[in-house]
Amino acid sequence: RPVASLSTNTPLPLRAQLQGELRSWRTRARPWLPAVDVSLDGIVDATVQGTGSPHLVEIDAADIRVRQFNLVGAGLNIREPEVQLKTQAVLNLDEMEFVTTRATYTSSSLSFQAEDVRFKSSPAQFEISGNAGYRADLAQLTRWFAGPNQALTQQFSGDAVGQIRMTHQAGLTTADVQADISKFAYATPVEPIGSKADQTVVAAPTASANWNTLWNEPVLKVAGLIGYVHADQTVRLDKIEISGDAVSLGARGQVSDPLGRCYLDVEGQVGYDLERVTRKLRPQLGDHVQLKGRDAKPFKVRGPLLSVTETPVSTRDVSSTAVPQPAASILTELMAQGSLAWTAAEIQGFTIGPGQIETEMADGIATARMLQVPLAEGTLRLTPRLLMNRSPMVLQLAHGSGAENVRITKEMCQSWLKYVAPLVADATAAEGTFSVRLDGASVPLDVPQSADIKGKLIVHQAHIGPGPLARELLLVA
């Protein structure tokens with residue numbers, strides 16, 4: 001449009017249309033970009049219209065579309081068939097302030113609509129505020145954080161819909177986050193993922209890969225009030241709430257060194273319904289474990305969330321096909337406290353009375369205090385500890401653990417007791433009492449059937465109705 005008068009401060013109409021490949025643009029712009037090893041690719045088609053002067057740029061309409069978008073590096077591996085950004089914005093070059101009244105981003109993994117977003121940068125700090133509604137596919141987002149030559153070792157899935165409201169005042173940026181996640185699930189591969197001895201590249205996961213769902217929720221609700229203190233670069237966790245149909249969590253605390261190892265210091269409460277938890281874990285626990293009880297227990301967690309890696313992400317060669325080296329387990333540095341109470345339990349034919357177990361974790365080992373509870377008219381005494389600093393994790397029972405004067409049941413003969421005494425397998429009737437005194441036990445959690453258990457089984461008195469094996473032996477006799 002015509003310009004009435006021309007001066008150094010006169011806003012001039014701007015209209016630009018850009019088309020081409022991001023790969024070639026990045027090469028040309030390398031001298032002005034930060035020294036971060038990032039691979040960027042895609043076919044861009046962008047239109048920008050507005051006005052500009054040496055002090056102010058007003059974008060009346062911007063429509064940026066990128067097909068076959070790929071970004072690999074800086075800890076990300078984003079591959080989208082198409083992304084699109086539409087926005088109206090104002091850039092104040094004197095104040096280094098960016099304001100957008102409306103911005104819309106769409107892709108197959110993440111979409112959002114933001115309003116009244118303000119970003120201001122200065123040598124001392126940055127300021128950001130605004131509102132946004134978003135929708136995300138957690139399964140797709142999980143793949144963003146897997147290396148290009150790295151198979152997924154875990155997967156989150158579900159459809160997340162939520163809101164983010166951000167404010168900035170007196171050196172504190174606050175985010176109020178809300179999310180409802182439908183069909184939430186956490187899964188691990190059925191078959192172990194990793195390279196064989198003669199391989200140097202891990203195959204990428206496929207859509208047909210088999211996954212073992214360890215936890216699922218019809219709807220998982222998440223809410224958080226999070227603040228970033230610019231002066232000491234600390235993240236305040238004023239409120240964290242997670243609620244499902246079996247477990248809920250409420251916590252508060254802080255995260256120091258958020259751009260490094262993320263040192264967590266939080267405490268809160270976990271609420272649970274053990275009957276529902278047992279049903280969700282049925283594929284892992286089997287049919288011979290039943291727990292009951294509803295309670296809320298306090299917990300504490302302190303330590304880093306991220307491991308120390310040998311090579312910083314910003315300097316890693318993203319074109320390399322070598323398998324990334326695993327970082328040291330953070331579990332050896334975390335410290336935690338918690339407890340669990342139940343009103344009744346049925347495990348492998350044992351009827352267990354009400355009880356509570358209190359645990360502490362340090363150096364990658366979770367240790368519980370001596371547990372003593374009623375067990376099938378007898379007494380169970382255990383001193384367990386869980387070795388979490390190895391894979392697979394291993395449950396150990398100390399010397400002296402065991403049970404005294406436990407009543408024999410038919411259910412015991414149909415589960416664990418038939419492996420100790422084959423003649424009682426699937427007994428038609430069972431009466432009597434026994435004791436178990438362990439010299440020690442080691443149970444890998446991924447394959448509990450391969451447990452190494454040593455001790456003595458002492459039968460005080462017993463009357464066992466013959467099972468199939470016993471009947472055959474009687475017929476032979």
Side-chain angles (χ1 to χ4, degrees), residues 33-38 71-78 119-130 138 141-142 144-147 150 153-154 156 164-177 179 222-242 249-270 298-318 324-338 360-366 388-389:
L33 294 177
V36 179
D37 194 357
V38 173
L71 188 154
V72 181
L76 296 174
N77 179 25
I78 303 176
F119 178 83
K120 185 175 182 180
S121 177
S122 67
Q125 65 179 26
F126 66 88
E127 302 177 16
I128 185 170
S129 60
L138 296 189
L141 290 181
T142 300
W144 282 18
F145 302 97
Q150 195 174 17
T153 58
Q154 60 181 355
F156 295 92
I164 300 177
R165 295 178 176 85
M166 301 187 69
T167 59
H168 180 91
Q169 187 175 9
L172 174 66
T173 300
T174 303
D176 188 348
V177 182
V222 180
L225 185 60
I226 305 168
Y228 180 73
V229 183
H230 294 260
D232 56 8
Q233 296 185 342
T234 299
V235 176
R236 287 184 1 193
L237 306 176
D238 296 328
K239 180 185 75 172
I240 300 294
E241 295 179 350
I242 303 174
L249 178 147
R252 60 183 303 164
Q254 68 174 29
V255 178
S256 56
D257 190 21
L259 302 179
R261 299 198 62 198
C262 296
Y263 286 89
L264 183 69
D265 185 354
V266 300
E267 59 182 61
Q269 277 199 335
V270 175
F299 73 93
K300 294 181 180 180
V301 180
R302 293 185 179 90
L305 295 179
L306 300 178
S307 302
V308 177
T309 55
E310 297 180 359
T311 306
V313 171
S314 60
T315 61
R316 186 178 300 152
D317 181 6
V318 296
Q325 295 300 312
S329 173
I330 61 171
L331 295 177
T332 59
E333 300 182 70
L334 283 176
M335 299 179 63
Q337 295 178 348
E360 295 184 356
M361 188 181 80
D363 299 324
I365 301 175
M388 306 174 70
N389 54 3

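Just so it is clear, the model here is predicted, and its values are computed rather than measured.
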Check your understanding: From L141 CG over to F156 CZ, what is the distance, rounded to the nearest 0.5 angstrom?
Key -> 11.5 Å
**Study point:** R261 side-chain N/O to L306 backbone N/O, donor-acceptor pair under 3.5 Å
**Key:** yes
Study note, to complete from the structure: Between the CG atom in L264 and the CG atom in L305, the distance rounded to the nearest 0.5 Å is 5.0 Å
**Study point:** Residue Q269 excluded, over 12 heavy atoms near CD under 6.0 Å
**Key:** yes
**Study point:** Separation between CG of L225 and CZ of R252, rounded to the nearest 0.5 Å
**Key:** 9.5 Å
Check your understanding: Only one of K300, M361, R302 forms a side chain to side chain contact (heavy atoms under 4.5 Å, CB included) with Q337, so which one is it?
Key -> K300
Check your understanding: Do V229 and L172 touch side chain to side chain, with heavy atoms closer than 4.5 Å?
Key -> yes
Practice item. Check for a donor-acceptor pair, side chain of S129 on one end and backbone N or O of H168 on the other, with a separation under 3.5 Å. Key: no
Exercise for review: Could you grab the distance from atom CG of N389 to atom CD1 of I365, nearest 0.5 Å is fine?
Suggested key: 5.0 Å
Revision key, fill the gap. Separation between CG (D257) and CD (Q233), nearest 0.5 Å, reads 8.5 Å
Check your understanding: For the atom pair CD1 (I78) and CH2 (W144), what is the distance rounded to the nearest 0.5 Å?
Key -> 4.5 Å
Please tabulate, for the side chains in residues 234-242, all donor-acceptor contacts under 3.5 angstrom to protein atoms that are two or more places apart in sequence or on a different chain.
unit_1: T234; atom_1: OG1; unit_2: D232; atom_2: O; d: 3.3
unit_1: T234; atom_1: OG1; unit_2: D232; atom_2: OD1; d: 3.3
unit_1: R236; atom_1: NE; unit_2: D238; atom_2: OD1; d: 3.4
unit_1: R236; atom_1: NH2; unit_2: D238; atom_2: OD2; d: 3.1

Review point. Does a side-chain heavy-atom distance below 4.5 Å link F145 with L76?
Key: yes
Exercise for review: Give me the ring orientation class for F126 and Y228: parallel if the planes are under 30° apart, tilted from 30 to 60°, perpendicular past 60°.
Suggested key: parallel
